[in-house]
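Computed from a predicted structure; not experimentally measured.
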Amino acid sequence: MARAQRARIRTAGLQPAQVLAGLASLAFLVFGIVGFTRTGFADFAGRSDETVLGFSVNPLYNLGFVLLGAIGLLLTFGSGRSRVFGFLTFVAFGVLFVWGLMITGTVSTNPVSQAGNPFNLNGPDNWLHLGLAALGLVIAFLPARHKVLLPEDEEETVVADRADSATIARPKHEKGPTVARDERPPGLAH
């Protein structure tokens, strides 16, 4: 007699989203720290001519990278948390990309001109932000590796029956008469 078994699906081990989120977080931390070595902490949201890998930086921009990297490292310890980090990265750099397009004049009118340029954005920064926003989407939507776990009660065990001293093979979930008698609360008739 065959019966349907319910399988459980679990994520198996370290997920690709966790690895990619961890590497991105480390890169953000390094970029922010190297940026601080170039700009220092003076003129926090001001214009700076300093660059890191061709991208303009200032202390506020560096702080953003360091914070995002630190948050990312904290969120890489779970598959779902890594995906949250991916969405956070997408939103943060997507906003910076759109803002950078407006600041550099790529959009016909600049609605944020009164806000200035606190992150010291320029043209190459826009492409960096577009790429990092895309990276955030990749992290958020990377498929997880799954493992299918079958119920453990498929294994057969041998249970000795006291009544006739015969050995009967039964699945784990089925209890023989001996086991059922032993599990009754004390005080009830056997």
Check whether [X] reaches the backbone of [Y] with its side chain - one donor and one acceptor, N or O, closer than 3.5 Å.
X: Arg83; Y: Leu142; answer: yes
X: Asn58; Y: Thr39; answer: no
X: Ser56; Y: Asn120; answer: yes

Might you point out which heavy atoms bring Pro59 and Gly40 nearest each other, and give the distance in Å?
->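 Smallest interatomic distance, heavy atoms only, reads CG-O, 3.4 Å.
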Which pair of heavy atoms, one from Leu60 and one from Phe119, lies closest together, and at what distance?
->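 Looking at all heavy atoms of both residues, the shortest contact is CG-CE2, 3.7 Å.
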Determine, stepwise, if the pair Val30 / Phe65 fulfils side-chain contact (heavy atoms from CB on, under 4.5 Å).
-> CA-CA 9 Å; Val30 168; Phe65 269 99; over 6 Å; no
Out of curiosity, [X] [atom1] to [Y] [atom2], how far, rounded to the nearest 0.5 Å?
X: Ile139; Y: Phe87; atom1: CD1; atom2: CZ; answer: 11.0 Å
X: Phe90; Y: Phe141; atom1: CZ; atom2: CZ; answer: 8.5 Å
X: Asn126; Y: Met102; atom1: CG; atom2: CE; answer: 10.5 Å
X: Thr76; Y: Ile71; atom1: OG1; atom2: CD1; answer: 12.5 Å
X: Leu73; Y: Phe28; atom1: CG; atom2: CZ; answer: 10.5 Å
X: Leu75; Y: Gln18; atom1: CG; atom2: CD; answer: 11.0 Å

Going only through I, L, V, M, F, W and Y residues with side-chain contacts under 4.5 Å, is there a path from [X] to [Y]?
X: Leu132; Y: Leu67; answer: yes
X: Val57; Y: Ile33; answer: yes
X: Leu26; Y: Phe85; answer: yes
X: Val91; Y: Leu128; answer: no

Describe, in one word, how the ring planes of Phe97 and Trp127 are oriented to each other, choosing from parallel (under 30°), tilted (30 to 60°) and perpendicular (over 60°).
->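 It falls in the tilted class, 30° to 60°.
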Parallel, tilted or perpendicular: rings of Phe31 and Tyr61 (30°, 60°) |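 Geometry flag for Phe31 against Tyr61: perpendicular rings.
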Is any side-chain heavy atom of Thr89 less than 4.5 Å from a side-chain heavy atom of Leu135?
->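 Counting from C-beta outward, Thr89 and Leu135 never come under 4.5 Å.
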